[in-house]
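Following this message is one structure expressed as structure tokens.
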Amino acid sequence: MYANVIIDISHEKLDKTFQYKVPQELREKLAVGMQVEVPFGNGNRRNTGYVVELTDEPEYDITKLKEIVGVAEGGIPIESQLIALAGWMRENYGATMNQALKTVLPVKQKTKVKKQRLVRLALDRDEAEEKLALFQKKHHMARTRLLASLMEQNLLPYEAVTGKLHITASVIRAMEEMGILTVEEKRAYRSPLGEMKRGGGRVVLNEGQREVAARVWEDFSRGLRKTYLLRGVTGSGKTAVYIEIIEKLVSTGRQAIVLIPEIALTYQTVLRFFQRFGERVSILNSKMSQGERYDQFERARDGELDVMIGPRSALFTPFARLGMIIIDEEHETSYKSETMPRYHARETAIARAKMAGASVLLGSATPSIESYYHARNGDYILLQLDKRIEEKPLPACYTIDLREELRQGNRSILSEKLQELMEQRLAKHQQIMLFLNRRGLAGFVSCRACGHVMKCPHCDVSLSQHMGGKLVCHYCGYTQSAPQTCPECGSKYIGGFKAGTQKIEEIVKKRFPKARALRMDLDTTRSKDGYEKILSAFANQEADILIGTQMIVKGHDFPNVTLVGVVAADLSLHVSDFHGAERTFQLITQAAGRAGRGDLPGEVVIQTYSPRHYAIELAGRQDYEGFYEAEIAYRSFAHYPPCGHMLVMMVASADEMTAILSIELLAKKIRQAQDKGKLTGLQVIGPAEAAVAKIKDVYRRVLYFKHQEYRTLVQMKDVLEQFISRHREFQSVAVQFDFDPVNGF
Ligand code: ADP
Ligand code: ZN
Ligand code: ZN
């Protein structure tokens with residue numbers, strides 16, 4: 001048995017590992033993440049390192065390998081925990097140990113460390129007054145001035161002393177020698193929070209909120225560590241509950257990580273945490289430089305922080321006394337990584353919490369089917385907030401059948417009802433949000449007269465339109481030509497749906513020339529603060545209508561919004577994977593949740609070609625339970641997660657033929673094993689083109705596996721990985737694995 005050890009984990013090049021022999025007496029005991037003592041370099045100097053991998057295969061001449069001396073004694077450093085977590089991720093999601101380590105450990109930058117010098121009073125009150133009187137008597141003006149200032153404020157920045165107070169360095173030195181003050185150096189961190197003001201913003205929890213917070217906190221203080229799922233309707237005050245629990249936790253010296261999707265990580269949200277935790281809270285976001293991010297991790301490790309807020313990667317904050325991980329909007333797809341290891345933050349948070357003795361709290365108005373399934377099974381504890389704050393009513397919903405509109409001769413994308421309600425709102429100076437759900441615009445084909453959607457006869461997912469008009473299934477590769485007329489009703493209005501946000505903006509401006517419209521999508525938010533600017537302009541009522549993609553569904557509270565229009569609810573319904581109904585239900589419910597959050601009641605118009613689809617019907621009634629029942633029946637019938645598991649293998653190559661041949665070779669290998677009676681219960685689907693079949697001239701092919709047991713798929717991945725590493729054919733291809741896919745390839 002051999003151990004790969006990294007010696008210096010704060011080094012930029014994590015990739016350098018050293019291999020050691022594992023002595024007999026350590027074989028049982030040693031695990032990934034452990035801190036070990038090893039001989040290092042020519043002099044065999046003793047060094048500490050971390051085990052990142054255990055293997056049976058020596059990578060070097062065995063006679064030259066040194067032996068691990070022992071396991072380091074003392075407490076377990078936070079690095080060990082994170083390395084063990086990386087090991088868990090590598091095993092469960094597929095990746096090299098290196099990729100996994102780079103995901104969990106912050107990379108140190110070669111930037112210069114900024115130091116801040118501080119002057120601190122070293123005397124107690126009486127001594128200081130005595131000295132002050134002495135200096136005054138002797139007319140030592142500079143010393144008097146400095147001492148008086150220090151008595152007012154114990155700690156002063158060195159620059160303020162030499163600058164504003166005009167005290168020279170030699171006076172400071174003399175006073176230091178007299179034992180009056182000390183000069184100390186502190187690392188100056190770049191704080192991402194800038195000039196936020198503390199205080200204010202405290203809310204008194206209502207009864208429902210109090211019950212939820214009390215339940216979680218009482219379990220925690222009794223030593224119970226669990227995973228909770230908080231389902232709270234939009235506007236029910238989940239964030240206030242999080243803050244309450246964290247405050248309790250922090251008062252006992254524990255730390256908390258709060259994951260929030262980047263898109264919802266607005267100034268308003270961060271401010272709410274800052275008002276409670278001040279400098280003890282920090283954030284991470286993708287606009288920060290590597291150096292800034294590293295600083296925040298350092299502060300966390302040094303115990304300067306109690307709370308870290310951020311998207312997925314904040315999960316790896318090196319808190320040594322982690323007590324809780326909260327995942328807000330837990331259903332968001334951004335919690336699944338799109339690079340290797342393709343981990344899910346929810347499962348990884350649960351794994352980390354287990355290692356750290358922490359609890360996990362998941363929150364959402366529309367929990368993922370996965371999480372609700374676990375809550376139903378008793379794996380998670382279900383908590384609910386089913387009323388909005390101040391019992392504000394949920395908005396009234398109208399579902400508009402766009403097929404009917406077409407029959408009535410209205411070919412505009414705005415239905416009569418929506419136009420009528422928009423007109424009313426504009427007259428009353430209330431605001432409107434129009435939401436175009438762009439997910440899956442990749443091109444399903446549907447009939448505008450009857451709503452029929454072209455689906456794969458084998459997989460029950462929508463076919464995607466490809467170049468040249470053919471329709472393809474991304475799961476199994478089934479292909480057919482695009483129909484000229486609808487196979488259901490014979491109408492010629494069959495094709496892909498094309499309107500984008502820009503198009504809708506044009507239509508709105510034409511129909512309501514006096515209204516002020518803002519558009520928010522990838523194009524208008526590219527600049528650094530584009531997103532915040534548009535949101536705050538709308539919040540300040542500088543516009544009447546906000547048109548946007550799913551981006552507008554999250555974030556700010558707009559109290560003056562009383563009408564939300566979902567322009568084409570079907571767009572996400574027919575994405576080419578099994579999540580279509582779930583995404584649609586979530587997006588409509590969240591969009592509807594934007595209306596009527598202020599004092600005025602809200603209304604929602606859902607436009608669709610499939611008004612009878614369960615996702616749309618139940619979203620219109622805001623019936624989560626009903627939706628869950630219908631959706632879990634579908635998943636169970638088709639063995640889609642969480643009722644069974646799925647592994648996608650993607651092979652990418654710059655040469656299309658190589659991509660095709662290699663994935664076929666792998667498929668053949670699996671099928672041969674199946675023919676020999678191995679891998680029972682495994683279903684192999686494909687190979688097929690990936691949903692995005694080509695990126696930057698690299699061709700991508702996928703193969704799907706389904707099995708009841710996650711472990712079996714993990715074992716299969718291991719076998720495939722080994723097979724790939726042993727065969728030359730795969731040298732020029734990149735292979736990726738994705739378990740229980742969320743975003744797909
Ligand atoms: P959610 O995250 O569930 O959508 P939020 O936590 O954002 O809801 O709360 C919605 C709004 O209600 C926020 O403006 C928040 O400040 C306010 N709020 C939350 N709890 C209370 C409370 N107990 N009393 C009064 N206002 C509250
Ligand atoms: Zn039709
Ligand atoms: Zn298919």
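Indexing begins at 1, ligand by ligand and atom by atom, following the structure's order.
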Check your understanding: Are Thr234 and Gln590 linked by a side-chain donor-acceptor pair shorter than 3.5 Å?
Key -> no
**Study point:** Sub-4.0 Å heavy-atom approach of Arg597 to ligand 1
**Key:** yes
Review point. Any side-chain donor-acceptor pair under 3.5 Å between Ser368 and Arg346?
Key: yes
Point to revise | Proximity of Leu205 to ligand 1 by residue part, where a heavy atom lies under 4.0 Å | key: backbone
Check your understanding: Once rounded to 10°, what is the value of the angle centred on the Zn ion (ligand 3) between Cys456 SG and Cys473 SG?
Key -> 110°
Practice item. Go through the steps for Tyr372 and Tyr624 under the test ring-ring contact (aromatic ring centres under 6.0 Å, His included), then give the verdict. Key: CA-CA 10 Å; Tyr372 208 67; Tyr624 180 85; 4.8 Å; yes
Practice item. Could you please compute the angle at the Zn ion (ligand 2) from SG of Cys489 to SG of Cys447, rounded to 10°? Key: 110°
Exercise for review: For ligand 1, indicate whether the residue Asp328 contacts it via side chain, backbone, both or neither (heavy-atom separation under 4.0 Å).
Suggested key: neither
Practice item. For the residue pair Glu689 and Tyr699, confirm or rule out a side-chain donor-acceptor distance under 3.5 Å. Key: no
Practice item. Decide, counting backbone as well as side-chain atoms, whether Cys476 has an N, O or S atom less than 2.8 Å from the Zn ion (ligand 3). Key: yes
Practice item. Evaluate the ring planes of His374 and Tyr380, with Trp represented by its six-membered ring, and classify them as parallel (under 30°), tilted (30 to 60°) or perpendicular (over 60°). Key: tilted
Point to revise | Heteroatom proximity flag, Gly237 to ligand 1, N/O under 3.5 Å | key: yes
